[in-house]
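What follows is a set of notes on a single structure, which appears directly below.
All of these numbers come straight from a predicted model, not from anything done at the bench.
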Amino acid sequence: MKVKQYRYDNGDFDLADLPTTPDQKVGDEGEIKKQLTKNSKQLKELQKKLVATREQGLVLVLQGMDAAGKDSLVAHVFAGVNPAGFQVASFKQPSSEELAHDFLWRINQKLPERGMIGIFNRSYYEDVLISRVHPQILLDENLPGVHSLDDIDDNFFNHRYNDIQHYEEYLNHCGYQVIKFFLHLSKQEQKRRFAARIERPEKNWKFSAADIHERRYWDSYQEAYQVALSKTATKKNPWYIIPGDDKGFERLVASNILLERLKQMKLAFPKMSAAASAELVKAMAELNQEK
């Protein structure tokens, strides 16, 4: 499977023109599951090396409209990893304490340790998405110079896009790889998934009336994503815009990209120094002398 086509490292794209359905053949459901299992084994081995060195960390940013498959992607793609070196953080409506700090403060609280894989299921990008669609929520943040909706203009959001770029560069400097996935779902497929959540009792718990409310702002969210993705797609921290209407295809693309990026990190088990190797020989000799 080719995954390079889903990578965007500049703003030269129109989200409305990008596919939401599979645009290449990858086999049937069974073949996709086999490939995911194969990928999972490789991911598990790479994770061991990541944990062993603790020099690098990985932050996976997951963004997408409601019902885009973020939760299920995590469950299927990371099924084989060691939970001791893996964490997931979801960012919802900020608390009063979080609102009293800068918008990246709560993100840093959930940053994984080096040596770990951390997933942000929704992320700091919510602060240039929801707040762009519903700018009135920013009036509760006591931001300097923001006293009315007239103060929340393109210049305000451009500052935030720059802050996000700088934050991701900061993470890079601290040893973190930042991998950003946008799960590109169509409005029609979201409608089908919402209907399934309503009609099927075992899916009722997934549905919220707020989902329907936010769906009314579909076009505004698409515009907000277009700007946010294009303003923050860089060569070092590109966006991967993955067709999201077919969950199996979506998971396989994400899994392949993840493996590709992990392999580029050149992970390896740490080499032992001469002194450390001598200690190992000494420890083995002591074990062999035990009766």
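A donor-acceptor pair is defined here as one N or O able to donate and one able to accept, closer than 3.5 Å; no such pair exists between the side chain of Q35 and the backbone of E31. With hydrogens and angles ignored, the 3.5 Å screen pairs no side-chain donor or acceptor of K44 with any backbone N or O of A79. For D151 (side chain) and S148 (main-chain N/O), a donor-acceptor pair under 3.5 Å exists by modelled atom type. No side-chain donor-acceptor contact under 3.5 Å links S40 to the backbone of L36. In this structure, D211 contributes its side chain and S208 its backbone to a donor-acceptor pair below 3.5 Å. Between the side chain of K110 and the backbone N or O of F120 there is no donor-acceptor pair closer than 3.5 Å.
Atom CD of E141 sits about 12.0 Å away from atom OG of S96, to the nearest 0.5 Å. From I130, atom CD1 reaches atom OG of S220 across 13.0 Å, with rounding to the nearest 0.5 Å. From H184, atom NE2 reaches atom CE of M65 across 11.0 Å, with rounding to the nearest 0.5 Å. The structure places NZ of K236 at 11.5 Å from CG of L171, a figure rounded to the nearest 0.5 Å. To the nearest 0.5 Å, atom CE of residue M265 and atom CD of residue Q177 are 5.0 Å apart. A distance of 11.5 Å separates CG of L50 from CG of N82, quoted to the nearest 0.5 Å.
Hydrophobic clustering (ILVMFWY, side-chain heavy atoms < 4.5 Å, transitive): Y221 and L18 are in one cluster. Residues V133 and F91 share a hydrophobic cluster, clusters being chains of Ile/Leu/Val/Met/Phe/Trp/Tyr side chains in contact below 4.5 Å. If you chain together hydrophobic residues whose side chains sit under 4.5 Å apart, V59 and L258 never meet in one group. Linking Ile, Leu, Val, Met, Phe, Trp and Tyr residues whenever their side-chain heavy atoms come within less than 4.5 Å places V77 and L267 in a single cluster. In the hydrophobic clustering of ILVMFWY residues, with side-chain heavy atoms under 4.5 Å counting as a link, Y167 and L62 come out apart.
For the pair Y170/H166, no side-chain contact is recorded, criterion being any heavy-atom separation below 4.5 Å from C-beta on. For the pair W239/V61, a side-chain contact is recorded, criterion being any heavy-atom separation below 4.5 Å from C-beta on. The shortest side-chain heavy-atom distance between L46 and L259 falls under the 4.5 Å cut-off. In this structure, the side chains of K231 and N158 come closer than 4.5 Å at one or more pairs of heavy atoms. Here the side chains of T21 and D246 are not in contact, with every heavy-atom distance at 4.5 Å or above. With contacts defined as side-chain heavy-atom distances shorter than 4.5 Å, the pair D23/Y6 qualifies. Counting heavy atoms from C-beta outward, T232 and N237 have side chains that stay 4.5 Å or more apart. Contact annotation: the side chain of F181 never approaches that of E250 to less than 4.5 Å [non-hydrogen atoms, C-beta and beyond].
Counting only N and O atoms by type, the side chains of S95 and R106 include no donor and acceptor under 3.5 Å apart. Side-chain contact of E168 with N172: a donor-acceptor pair under 3.5 Å is absent, judged by distance alone. A donor-acceptor contact under 3.5 angstrom links the side chains of T20 and D245, judged on distance only. Side chains of D163 and Y124: no donor on one and acceptor on the other come within 3.5 Å. Between E214 and H134, the side chains place a donor N or O and an acceptor N or O closer than 3.5 Å (distance only, hydrogens not considered).
When every heavy atom of F156 is checked against every heavy atom of V146, the shortest pair comes out as CE1-CG2, 4.0 Å. Between N39 and S255, the closest heavy-atom pair is ND2-OG, 2.8 Å. Summarising the geometry of G64 relative to F182, their closest heavy-atom pair is CA-CE1, 3.8 Å, with the distance given to 0.1 Å. For the residue pair A209 and F207, the shortest heavy atom distance occurs at N-CE2, 4.0 Å. When every heavy atom of R114 is checked against every heavy atom of C174, the shortest pair comes out as NH1-O, 2.8 Å. When all heavy atoms of L99 and P94 are compared, the pair lying nearest together is CD2-CG, 3.6 Å.
The pair E189-R193 meets the salt-bridge criterion, since a charged nitrogen lies less than 4.0 angstrom from a carboxylate oxygen. Note on R132 versus D154: salt bridge recorded, some NZ/NE/NH1/NH2 to OD/OE distance being below 4.0 Å. Electrostatic pairing of K206 and D66 does not count as a salt bridge here, judged by no charged N lying under 4.0 Å from a carboxylate O. No salt bridge links K49 with E45; every basic N to acidic carboxylate O contact stays at or beyond 4.0 Å.
Heavy atoms from other residues, nucleotides or ligands lying under 6.0 Å from NZ of K187 number more than 12. Heavy atoms from other residues, nucleotides or ligands lying under 6.0 Å from NZ of K247 number more than 12. Surrounding CD of Q188 are at most 12 heavy atoms belonging to other residues, nucleotides or ligands under 6.0 Å away. Other residues, nucleotides and ligands contribute over 12 non-hydrogen atoms within 6.0 Å of the CD atom of Q222.
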Evaluation steps, side chain to side chain contact (heavy atoms under 4.5 Å, CB included), between L60 and I117: CA-CA 8 Å; L60 176 61; I117 295 173; 5.5 Å; no
Take I152 and L139 through the test side chain to side chain contact (heavy atoms under 4.5 Å, CB included) and record every step on the way to the result. CA-CA 9 Å; I152 306 170; L139 299 180; 4.1 Å; yes
In sequence, state the C-alpha distance, the side-chain angles, and the governing distance for L183 and K70, and then conclude on side chain to side chain contact (heavy atoms under 4.5 Å, CB included). CA-CA 8 Å; L183 309 183; K70 296 181 290 295; 3.7 Å; yes
Checking L229 against Y125 for the side chain to side chain contact (heavy atoms under 4.5 Å, CB included) test, could you report, in this order, the C-alpha distance in whole Å, the side-chain angles of both residues, the deciding distance, and whether it holds? CA-CA 9 Å; L229 300 182; Y125 280 94; 5.8 Å; no
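Partners of K2 according to the side-chain contact (heavy atoms from CB on, under 4.5 Å) rule, which considers only residues two or more places apart in sequence or in another chain, are Q5, Q24. S131 meets the side-chain contact (heavy atoms from CB on, under 4.5 Å) test with I137, L138, F157, R160; sequence neighbours excluded. In this structure, the side chain to side chain donor-acceptor pair (under 3.5 Å) partners of Y225, at least two apart in sequence or on a different chain, are Q63.
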Give every donor-acceptor pair under 3.5 Å between a side-chain atom in residues 275-290 and any protein atom, sequence neighbours left out.
from, atom 1, to, atom 2, distance (Å)
S277, OG, S273, O, 3.0
N288, ND2, M284, O, 3.3

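Pairs engaging residues 262-272 under the side-chain hydrogen bond (donor to acceptor under 3.5 Å, both in side chains) rule: Q42-K263 [sequence neighbours left out]. For residues 7-18, the set of pairs meeting the side-chain hydrogen bond (donor to acceptor under 3.5 Å, both in side chains) definition, not counting sequence neighbours, comprises R7-Y240.
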